[in-house]
Amino acid sequence: MKHSSVALLILVIAAVAYTDIPLTSDACINCHRLLDEELEPGEQILKNVFKDIHLQVGLSCADCHGGNPDAYDDEDEAMWDDPTFRGEIARMDQPEMCGSCHSDPQYMRQYSATVKTDQIDQYWTSQHGISLRNGIDKVAICTDCHGVHGIYPVKDPRSQVYPLNVPSTCAQCHNDAQYMGEFNLPTDQFYLYRTSVHGKALLDRQSLSAPACNDCHGNHGALPPDVVHIADICGTCHVNNNRLFQKSHLKNIFLKRGFGQCEACHGNHGIKKPSDEYLNWEHGAVCVQCHKSAGNPKELADLFYHTIDSLKHQIILAKELVSQAEQKGMEISDLYFPLEESQKVLIQTRTSIHSFNKDLLLETVKDGFKATDEAIQGASAALIEFDQRRKWLFIFSLIITFLIVVVYFKIKDFDRMQRNKNQ
Amino acid sequence: MGIFNWINERVDIRGFSEFAFKKKVPVFYGTIWYYLGGVSLFLFAIQVMTGILLLLYYQPGAATAFESVKFIVSKVAFGWLIREVHAWSANLFIFFAFLHMFTVFFAKAYRKPREMTWFSGMILLILGMAFGFSGYLLPWNELAFFATKIGSDIAGAVPFVGDFLLRLLRAGDEVTGATLTRFYGFHVALFPAIFTVVLGIHLVLVQVQGMSIPPELERIPEKHRRYMPFFPNFAMRDALLWLMVLNVIALLAVFFPWELGTKADPLASAPAGIRPEWYFMFMFQTLKLIPGHIFFIEGELFGLLLFTFGTIFWFLVPLLDRKAGKGQRSRFWTIIGVLLIVYMIMMTLWGYLV
């Protein structure tokens, strides 16, 4: 006992000299810093521990692992002889261990008045939690996603669960074919997502309004969305598209046939930016996936396609005319309003497709054509006025030039008279 | 002649007409310079007329100024033309006024007994620039707003009275609607009133003292000098040039209109490319190039003192150039004038092109 105490003291002194981790009043850290010296960088547990949110708010190693953090000179007293000591937490026990604090509203309220405390309850309903309960410990537990001994708050960009980092965090397992082999799940989701419109927005443009994996699948209660609820999930952001689809006659047909609502036309992880060509029956219409023959569906798709195409062309024409008038210095700032309005209606018209309703389409697009007509007429009037200005300028210049010539000859006359007078 | 006689019986105006018919204008290589003052006067008259027409619709105030100018150029019949002519003739006025000032300078026409004509002319030129500075803000667009902010900031750097000047110009600590109202007052009431009085003095002096000729021509005996009658020979030539200038203004108004831009937003950050009107550019560029500190003086203050004393120096040229006063050649002053023109042109080009 005495020897071990001396050895521990020597180790602590040596630590001051050889490690860059500061000495603290916590015996666990003071000893484990030395053990870290002998480990590979990837295995070191104290590397980021001082940045950990738990340590920052005053918790210590003992709050998770038990033991006596005040036993500076006795390893047995610090760990093995202490009845609270738990050591390494088994994967199976970890959710409940985290939940011992995180599921306690009274306790958690001291850190934030709005903190959630249902994570563990949700976890047990997730596929991860259900599998863990069934004894499969290869599934994700709290520390797999949030990290360990260096846990950052979710809003911290360094956190593994910060929105920009979520796809790569999930991909640690779901992109690993060997690891996922026994679950019979695909492993191309990350690749597909990376090239999707959502993936590009989130990871390339770093737009936090774009969804990461958890925005569709949930996080603590992660479950693959079933066919019935796909539109609800997409509708969280695409509200109007969902509203129109829910009212459409295709909703029940999709449900009956087990089509994944939005997914049936747009896909899932690899979802691409929608194009008007999705309605082009001859080239790339998504409708033909189900509607093999023409007829009513083709007529509707054609109507949508050609109506949108016409509006787009009108907008291009209006913009071109407004730009021409502007370049000629005409005051056309009032025409920006109908231009903006027509652009807004174009989006609304594209959205109206999800109703599969001809009348709604025609009702919606009406305002767009009205706005483009206003812009085209305004710009055309400005261009005509510019031509008139040039015409009047020409007439004015002719008159002035005539006057200049008259004055010039008059001056010659006066000069001649003056010379005659002088002679 | 009936009306003329009717008036003459009541007020003796025959004296004026006799004066006009007797007035002679020297004919020599520099006769063309004499037209520059007349063109400036013509442009000022256009300014007054178009300015009055704009007043009929313009509404000063942060909430109404921009909208009223927009209304003038887009809804009022020929409103666009009035605004364009006003803006272009303002710029041409400054251009011809500068040209007039330099030709007077190189012809040494400021020498005794015409010192007061020079002083009054310089006051008119400075007032013309003040007209430009105050008028620039009136449409209350983004560029004008920030240019006024920078311009008034510079005034604020004057030692001792800078703070007072800044508040006098801005009617507060910042450029706001109150500044606009104040500039409007300066532009349409205060400056025109002073300008009219000084212009009257300037014109009376020109008429009373007659046209100046360069010192070297004064040495030629009177009987060998050539003259033309002011009326109608010179006056018709004046009219010819005015017609040409009017034609140019119409051309500029149609093909090179002044953009109204976007409405000023005091909370927005300054857009790129803020610069003053072209006639302030040489000063603006100089201030940009002056280092932060010169000896113990702040760079901006140094530049400001330089221009203040430079203007005073230029104003007092008739008193400083003693040789010209005695009818002798004063090459030193000619060189200074050439250097100043080269400097102004170089700095202006630098400001626009680099």
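Note on naming: letters A, B, ... go to the chains in the order of the sequence lines (proteins, then strands), and numbering restarts at 1 for each one.
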message = side-chain contact (heavy atoms from CB on, under 4.5 Å), that's the test. Do A:Ile411 and B:Met228 meet it? Break it down for me.
response = CA-CA 11 Å; A:Ile411 289 168; B:Met228 75 166 96; over 6 Å; no
query = In terms of heavy-atom proximity below 4.5 Å to chain A, should B:Lys263 be classed as side chain, backbone, both, or neither?
reply = neither
task = Using a cut-off of under 4.5 Å on heavy-atom pairs, state which of A:Phe414, A:Phe394, A:Trp392 scores highest against chain B.
result = A:Phe414
task = Tell me, yes or no, whether the heavy-atom count around A:Ile316 atom CD1, taken from other residues, nucleotides or ligands under 6.0 Å, exceeds 12.
result = yes
task = Considering only heavy atoms, give the residues of residues 229-248 of chain B separated from chain A by less than 4.5 Å, sorted numerically, with 'none' for an empty result.
result = B:Pro229, B:Pro232, B:Asn233, B:Met236, B:Arg237, B:Leu240, B:Leu243, B:Met244, B:Leu246, B:Asn247
Solution key, residues 152-159 of chain A side-chain donor-acceptor pairs under 3.5 Å, sequence neighbours excluded:
| residue | atom | partner | partner atom | Å |
| --- | --- | --- | --- | --- |
| A:Asp156 | OD1 | A:Arg158 | N | 2.8 |
| A:Asp156 | OD1 | A:Arg158 | NE | 3.2 |
| A:Asp156 | OD2 | A:Arg158 | NH2 | 2.9 |
| A:Ser159 | OG | A:Val161 | N | 3.1 |

inquiry  = Are more than 12 heavy atoms, taken from residues, nucleotides or ligands other than B:Glu259, located less than 6.0 Å from that residue's CD atom?
reply    = no
ask   = Should we say atom NZ of A:Lys272 is surrounded by more than 12 heavy atoms from elsewhere, each under 6.0 Å from it?
value = yes
query = A:Ile404 versus chain B, heavy atoms under 4.5 Å apart: side chain, backbone, both or neither?
reply = both
query = What do you reckon, is CZ of B:Phe95 surrounded by more than 12 foreign heavy atoms closer than 6.0 Å?
reply = no
Counting only pairs under 3.5 Å, give me each side-chain donor-acceptor contact of residues 360-368 of chain A, with atom names and distances, residues two or more places apart or in other chains.
| residue | atom | partner | partner atom | Å |
| --- | --- | --- | --- | --- |
| A:Glu363 | OE2 | A:Lys366 | NZ | 3.4 |
| A:Thr364 | OG1 | A:Leu360 | O | 2.6 |

key: A:Lys410, NZ atom: more than 12 neighbouring heavy atoms under 6.0 Å   = no
inquiry  = Atom OH of residue position A:Tyr111 - does it have more than 12 heavy atoms of other residues, nucleotides or ligands inside 6.0 Å?
reply    = yes
query = What are the two closest non-hydrogen atoms of A:Gly329 and B:Pro257, and how far apart are they?
reply = CA-CG, 3.5 Å
query = Is B:Phe16 atom CZ crowded by more than 12 heavy atoms from other residues, nucleotides or ligands, each under 6.0 Å away?
reply = no
key: chain B-proximal positions within residues 375-390 of chain A [heavy-atom distance under 4.5 Å]   = A:Glu385, A:Phe386, A:Arg389, A:Arg390
query = Take atom CZ in A:Phe409; do more than 12 heavy atoms of anything else shown fall under 6.0 Å from it?
reply = no
